[in-house]
Number of protein chains: 2
Amino acid sequence: MSVTPFRPIQGRRIFEEILDQLEQAILDGHISAGDRLPSERQLAEQFNASRTSVREAVRVLEALGVAKVKPGAENGAVLVEKPDDALRLLLRFQLALRHISIASVIEFRTVLEPWSARAASERATDDAISRMQAVLVAMGNPIVGPAEFHQLDATFHIEIARAAQNDLVVLVLDGARTSIERIMLDALSRVPDWPATRVRIRDEHAQIVNAIAKRRAEDAETLMKRHIRSFYDEIGL
Amino acid sequence: MSVTPFRPIQGRRIFEEILDQLEQAILDGHISAGDRLPSERQLAEQFNASRTSVREAVRVLEALGVAKVKPGAENGAVLVEKPDDALRLLLRFQLALRHISIASVIEFRTVLEPWSARAASERATDDAISRMQAVLVAMGNPIVGPAEFHQLDATFHIEIARAAQNDLVVLVLDGARTSIERIMLDALSRVPDWPATRVRIRDEHAQIVNAIAKRRAEDAETLMKRHIRSFYDEIGL
DNA sequence: ATAGGGCCAATTGTCCAACCAATCAACATG
DNA sequence: CATGTTGATTGGTTGGACAATTGGCCCTAT
């Protein structure tokens with residue numbers, strides 16, 4: 001086990017140089033979230049590069065969830081304000097390649113969701129708790145089918161992660177859930193007794209929110225752990 | 001709080017179509033990790049698209065840590081075997097944009113590293129434990145400076161995450177650490193008494209490995225939690 | 001027979017010029 | 001004042017061209 005002082009020599013490509021300069025510009029505060037980048041043609045001129053190279057750099061930013069691009073005058077590439085689905089594409093491909101397994105994604109949630117519930121119990125603002133309760137109300141509507149319910153479930157868990165006030169946890173937990181969204185939906189649509197399942201899940205959510213609102217961190221963590229496990233058990237994963 | 005059944009209409013671009021088809025090809029097992037993609041020109045012909053569109057798709061795959069590209073005959077785009085630094089670029093930009101904070105990355109580690117140590121205590125193979133001990137030996141060399149030590153420290157934590165046998169945890173924990181690597185190195189180089197620090201950190205590592213080897217999960221978790229906290233306290237973060 | 005150098009083919013990297021499509025603001029028109 | 005039109009700007013796409021890199025091949029000298 002030795003550490004060589006050598007580092008690989010790799011020909012830097014132009015679009016990588018552009019990416020580095022853009023990153024530095026962001027770090028230096030010259031451009032920040034919400035700002036619009038110059039047009040591809042202007043960037044090409046400023047970097048003294050071709051439009052193709054600039055496009056490749058922009059394409060990468062888009063794939064990383066850093067920028068969103070729209071054609072049209074007054075539009076262009078805009079640095080995103082909230083990195084919602086930054087990890088979505090990445091995890092989808094990593095799953096496809098079997099570099100990560102569905103089981104590991106599920107286990108990942110069983111670790112971080114309970115932590116989120118605990119942290120939320122200690123940090124949640126009254127506003128955050130109100131938003132959770134609003135989701136509960138929406139879930140109480142007997143009309144909602146599995147697909148809409150799943151959307152509400154996603155919102156619920158995101159709200160808790162946000163209340164835990166850890167940006168990175170929000171990011172990866174959201175990514176972990178959406179990366180296996182399709183599989184979950186398939187499984188949900190095959191649940192034998194949907195109305196009963198819906199009521200039970202909503203009930204578990206209600207208990208969790210209650211624990212968070214009463215600042216019972218230990219209970220919130222335990223309830224969440226049980227909730228996640230029973231959920232995946234129910235849909236057979 | 002209502003759920004509309006509408007979804008945004010977005011003009012699909014050619015490179016996105018190509019990405020989808022490539023993902024499907026991977027899911028269907030037509031191509032898998034380690035395989036070499038057809039050349040850009042061949043892909044352009046098969047998709048009936050221009051080389052530029054194919055290039056943008058390949059560029060995205062590269063940014064996601066899915067493929068590595070090298071010019072030259074017999075080379076080309078190869079699907080990576082291990083997604084080592086898939087998250088590196090993404091987290092770097094998310095950090096630059098202040099979408100995630102350094103504090104959240106550190107807290108993230110204080111949650112998942114102890115869990116890894118616990119899981120490793122229950123799941124580690126003898127081989128994995130041997131690799132951890134090998135890292136300890138290398139760390140015992142008084143010659144190693146902060147930079148090399150940090151590299152060994154990275155290897156140590158990766159080995160534990162691997163022993164915990166959760167692919168996703170390995171991925172995100174590695175990404176979390178490398179995303180703030182530069183900051184950590186700067187901080188490490190300013191440690192007042194480096195020899196003492198080195199010995200202390202190695203000692204903590206040794207205790208953790210010992211707990212894992214003896215399958216004392218509770219101890220491993222506690223020791224790791226203390227280790228991570230004291231580490232960041234020491235370098236003033 | 002083998003080691004080494006040099007050539008060649010295939011591939012990616014880059015650039016360019018042009019055109020298409022989408023978008024929005026300003027203007028014209030009723 | 002509402003509506004439709006137009007023009008400018010922007011990203012999307014294409015095809016072609018040349019440079020740089022790599023690896024395999026042959027050929028020669030030892």
Side-chain angles (χ1 to χ4, degrees), chain A residues 6-22 25 31 33-81 85 89, chain B residues 6-22 25 31 33-81 85 89:
Chain A
F6 301 130
R7 289 194 302 167
I9 299 170
Q10 48 186 5
R12 292 182 58 71
R13 290 166 290 185
I14 292 183
F15 83 90
E16 291 177 315
E17 190 72 35
I18 295 177
L19 279 176
D20 278 356
Q21 288 201 39
L22 287 177
I31 47 178
D35 288 355
R36 174 179 169 278
L37 292 180
S39 74
E40 291 181 353
R41 290 172 175 84
Q42 288 179 33
L43 285 174
E45 192 178 359
Q46 292 182 31
F47 283 117
N48 191 29
S50 76
R51 215 183 128 199
T52 311
S53 296
V54 172
R55 279 180 64 78
E56 291 185 5
V58 173
R59 202 57 68 230
V60 170
L61 291 184
E62 210 181 350
L64 298 180
V66 169
K68 286 210 181 303
V69 178
K70 260 198 325 184
E74 310 282 316
N75 282 333
V78 177
L79 297 184
V80 300
E81 309 254 16
D85 52 354
L89 199 59
Chain B
F6 302 130
R7 290 196 302 166
I9 298 170
Q10 49 186 3
R12 291 181 61 71
R13 290 166 290 184
I14 291 184
F15 84 90
E16 291 176 315
E17 190 73 34
I18 295 177
L19 279 176
D20 278 356
Q21 287 201 39
L22 287 177
I31 46 178
D35 287 356
R36 175 179 168 278
L37 292 180
S39 75
E40 291 180 350
R41 287 175 175 79
Q42 287 179 33
L43 285 175
E45 191 178 0
Q46 293 181 31
F47 284 118
N48 190 29
S50 76
R51 220 186 119 203
T52 310
S53 297
V54 172
R55 282 179 63 79
E56 292 185 4
V58 173
R59 203 57 70 228
V60 170
L61 291 184
E62 211 181 348
L64 298 181
V66 169
K68 287 209 180 303
V69 178
K70 258 198 330 185
E74 309 283 314
N75 282 332
V78 178
L79 297 183
V80 300
E81 310 254 14
D85 50 355
L89 200 60

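Below, chains carry the letters A, B, ... as their sequence lines are ordered, and counting in each starts from 1. Keep in mind it's a predicted model, so treat the numbers as computed, not measured.
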Exceeds 12 heavy-atom contacts within 6.0 angstrom, atom CD of A:Glu17: yes
A:Gln21 CD: over 12 foreign heavy atoms closer than 6.0 Å: yes
Taking only side-chain N and O atoms of [X], does any of them lie within less than 4.0 angstrom of OP1 or OP2 on [N]?
X       : N      : value
B:Arg55 : C:dG13 : yes
B:Gln42 : C:dA10 : no
B:Arg12 : D:dG12 : no

Contact check, side chains of B:Glu56 and A:Glu62, non-hydrogen atoms, under 4.5 Å: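 Contact flag for B:Glu56/A:Glu62 side chains = no.
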Side chain to side chain, A:Val66 and A:Leu22, heavy atoms closer than 4.5 Å: no
Find the distance [X]:[atom1] to [N]:[atom2] and express it as a whole number of Å.
X       : N      : atom1 : atom2 : value
A:Leu43 : D:dT9  : CG    : P     : 17 Å
B:Arg36 : D:dT22 : CZ    : P     : 15 Å
A:Leu37 : D:dT10 : CG    : P     : 13 Å
B:Arg59 : D:dG12 : CZ    : P     : 16 Å
A:Ile18 : C:dT14 : CD1   : C1'   : 11 Å
A:Arg13 : D:dA19 : CZ    : C1'   : 16 Å
B:Glu40 : D:dT13 : CD    : P     : 16 Å

Closest approach of A:Ala67 to A:Val80 (non-hydrogen atoms, all atoms of both residues):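 Heavy-atom minimum between the residues: C-CG1, 3.9 Å.
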Taking every non-hydrogen atom, the tightest pair across A:Gly34 and A:Val78: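 Heavy atoms only, the tightest pair is O-CG1, 3.6 Å.
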Step-by-step side chain to side chain contact (heavy atoms under 4.5 Å, CB included) determination, B:Leu43 to B:Ile18: CA-CA 9 Å; B:Leu43 285 175; B:Ile18 295 177; over 6 Å; no
Option among A:Val69, A:Val54, A:Leu61 that satisfies the side-chain contact (heavy atoms from CB on, under 4.5 Å) test with A:Leu37: A:Leu61
Which atoms of nucleotides 14-18 of chain D (N or O only) lie under 3.5 Å from a protein N or O atom, and what are those distances?
| unit_1 | atom_1 | unit_2 | atom_2 | d |
| --- | --- | --- | --- | --- |
| D:dT14 | OP2 | B:Ser50 | N | 2.9 |
| D:dT14 | OP2 | B:Ser50 | OG | 2.8 |
| D:dT14 | OP2 | B:Ser53 | OG | 2.9 |
| D:dA17 | N6 | B:Arg51 | NH1 | 3.4 |

Interatomic distance, B:Thr52 atom OG1 to A:Arg55 atom CZ [nearest 0.5 angstrom]: 8.0 Å
Interface with DNA chain D, restricted to residues 63-71 of chain B and to heavy atoms under 4.0 Å: B:Lys70, B:Pro71
